[in-house]
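Here is the naming used below: chain letters follow the sequence lines, and residue numbers restart at 1 for every chain. Atoms considered below: every heavy atom in the structure, side chains included; atoms not considered: hydrogens, waters and symmetry mates.
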Amino acid sequence: MIENLVIVESPAKAKTIEKFLGKDYKVVSCFGHIRDLATKNLGVDIDNNFEPTYIVSPDKKKLVTELKKLSKEAKTIWLAADEDREGEAIAWHLYDALNLKNKETKRIVFHEITKDAIQKAILNPREIDLNLVDAQQARRILDRLVGFELSPVLWKKIKPSLSAGRVQSVAVRLIAEREKEIMNFQASLSYKTTGTFLNTTDTAFTAILPKNKKDKKEILDLLEACKTADFTVSNKTTKPAKKSPSAPFTTSTLQQEASRKFGFSVAQTMSVAQKLYEAGKITYMRTDSVNLSSLALNTAKAVIEKEFGKEYAKTRNFATKSKGAQEAHEAIRPTYIDKATVAGTDQEKKLYSLIWKRTVASQMSEAQLEKTNVQIAISNHSDTFTAQGEVLLFDGFLKLYRESVDEENEENDTNRLPKIEIGDKLDVQEIISQQKFTHHPARYTEASLVKKMEELGIGRPSTYAPTISTIQKRGYVIKESREGQQREVELIRLVEQEIVAKLKKENYGAEKNKLFPTDIGLIVNDFLVEHFDKILDYNFTATAEKNLDTIAEGKAQWQEMMHDFYTPFHKKIETTLETAERASGERFLGDDPKTGKPVIVRIGRFGPMVQMGVSISKEEEKEGKEKPKFASLLKGQSLGTITFEEALKLFDLPRDLGEYENKKVVAAIGRFGPYIRHDGKFVSLKKDIDDVMTVELDRAIELIEEKKKLDRERFIKAFEEEDIQVLNGRWGPYIKHKKKNFKIPKDVEAKDLTLEDCLELIKNPYKGKAKKKAKKK
DNA sequence: CAGTGAGCGAGCTTCCGCTTGACTT
């Protein structure tokens, strides 16, 4: 008999809480949601007032059986899922699925995992809030209806297996629209003027003209005037300023900072954080809250006073700024703030240290600055130079932590100014006017997309990383780096009474790990925006959230809200299915100069392609009419931007390179990119080195030989009589038998394996640490 | 798994939000 059974969502949490509660309490975890809508027939009975059908998720069946058993034995059951909409629903699903209505069941909540908070929670149990549960059901059903009615429209009108949803489609829209802004962006040029001056004691500093000039003649006039001008300090102002630390980390700010400082992908950040959490080193990592427990505040204060001194400590409470925050947890912070470092992998150490610094800095004093602004008049010209200086009077939190910023753009014009007073006469060393291009808006990184999604209130801490991986998996978006290009800008310099102009090369347009929309992403987005503007509206989720809040307050019925949404939505689905054209992104490029046939680009069954000639029907083919020719677009090319010339070149593939060892050598492009085929074997071309359009026979032979050598090294041994090979693979040596692969235990030398060993491993496959084979389809 | 771009059309795909492992040739 168990006295008390406490069910929480996370197993790591269960472990900690059990320690706090003592031996009368058994604490177990339900691993999040245990049931979900059935996938058959939507899982929603539209005609029966949107009645949902819930089933226990397949991977939770065993767990639910186990929980049922435990709850039968227990006297009192405490449902301690998180205090937010999803948590309330989890509690209710447990109540329902475990059949707890005849048991003593209590609902408790806490926002921080401290002994104090848990004990308080136990003293204040309540009922399950059915209004909040209804709000969750409404959210779930809305998402199901949108996703499962919208996606099939795409299958019919664009391509099978595509997907659309309240969150992912808006995420794709952000990226698609940003790309269009960039495509339509016209860079403009203007001259930025910087002067280097000497103060009365000959110390140099720089000042700029606050406004850039477009006109070269104006610049030349100015520089000409400066040749003979006197420069006088006409004004000087100083004012105090302060900088305050940022709030402790939430999921989204942690993802952003880890991306900016370490280049982590959002998934990487989450998996490292998960490890730290499971090891008890940080608090829960999927949170939208910036709150710290009072215990954490006290420890932070003590740590700061000890490490930096009393004047560096300042206890603060931060308020959330993000839309729709539910704040069921604390901010992400070290469990023990007095530990500045932890053991672990490099990544774990780095991320922990970042979390520690951010948390501690959030409880430190502001930095005190003094900002100085100096105006320098030109005696024979109406323009005025401006110098800006910043002096740090007290470093405060900056002693520990400095947040990074997104844009690598714009050099900083602030410098440390020497002693300058009003009326000082200054000498000029040089004045440089350099042409500057305006920049297009920055493409999104994974992390800056998360930031934007959070601003719009779409997605949740637990879904940011999975959503970003979904839109990439569907092929809507691709994360890429692209090389920059060079261009020339003019630089006009006045030094020692002489004006000299020259051209300077600069790099621009290089992108590192940015999100680009693909052709299919752009086509799907255009289609959805055209036909389902309401769902694709950036405010759709925010508005829905307001309705959900009303339901949670008990002031509205969820079925009514669903009805109001669904009726027009479903009608739109039907008319779109009936009336909308198939969307293929088709574009006519021109007529082939050799044959006169039309050349078009469009999305085909296998992605973006170029087609020469008109499509024909089966009958026409029988009659001997000529079929059109097809070729896939290369990586980096897109339907919207490919030129006629580039498109024509694609028909040059496959290219015949000649013969080697009496066999033909051919260069072409396949599913995995550019390759060379020789004697029935394929060799990939080297990215960034080889060009499939120009590669020659000599190089091809080099690659073929290289591959042959690798294949030889791949081979360890074979037992031909049993069709067994021992080979070197990506994850080390393995056994290959009749097209199936088998693992080799770590402590076994692959080259010492005997035939008997191999047969044994094939009969009883070694599974590593795994206990059982998980079926997954 | 390195061709293909369509033919009949069965049967499949798909959502968001909670949680962790399992597992890749």
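For A:Asp592 and A:Lys597, the salt-bridge test fails: no basic side-chain N is under 4.0 Å from an acidic carboxylate O.
Considering A:Arg35, A:Gln137, A:His33 in turn, A:Gln137 is the only one that fulfils the side-chain hydrogen bond (donor to acceptor under 3.5 Å, both in side chains) rule with A:Tyr54. Partner A:Glu83 forms a side-chain hydrogen bond (donor to acceptor under 3.5 Å, both in side chains) with one of A:His329, A:Gln326, A:Arg107, A:His111 and no other, that one being A:His111.
The residue A:Asp59 sits apart from the nucleic acid: no heavy atom pair falls under 4.0 Å. Residue-level contact check: A:Tyr464 touches neither bases nor backbone, having no heavy atom under 4.0 Å from any strand. Among the atoms of the strands shown, none is found under 4.0 Å from any heavy atom of A:Glu149.
Spacing between B:dT20 and B:dT24 at atom P, rounded to whole Å, works out to 23 Å.
Remark: ring of A:Tyr675 not stacked against base of B:dA2; the cut-offs of centroid gap under 5.5 Å and plane tilt under 30° are not jointly satisfied. Stacking here means ring centres nearer than 5.5 Å and ring planes tilted less than 30 degrees, and by that measure A:Phe148 does not stack onto B:dC15.
Below 30°, between 30° and 60°, or above 60°: for A:Phe569 and A:Phe565 the angle between ring planes is below 30°, a parallel geometry.
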Could you list the protein-to-nucleotides 6-9 of chain B atom pairs, N/O on both sides, closer than 3.5 Å?
unit_1: B:dA6; atom_1: N7; unit_2: A:Arg605; atom_2: NH2; d: 2.6

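Side-chain contact, A:Glu86 with A:Gln136: a donor N or O sits under 3.5 Å from an acceptor N or O.
Not counting sequence neighbours, A:Lys68 has no partner by the salt bridge (charged side-chain N to carboxylate O under 4.0 Å, His left out) test.
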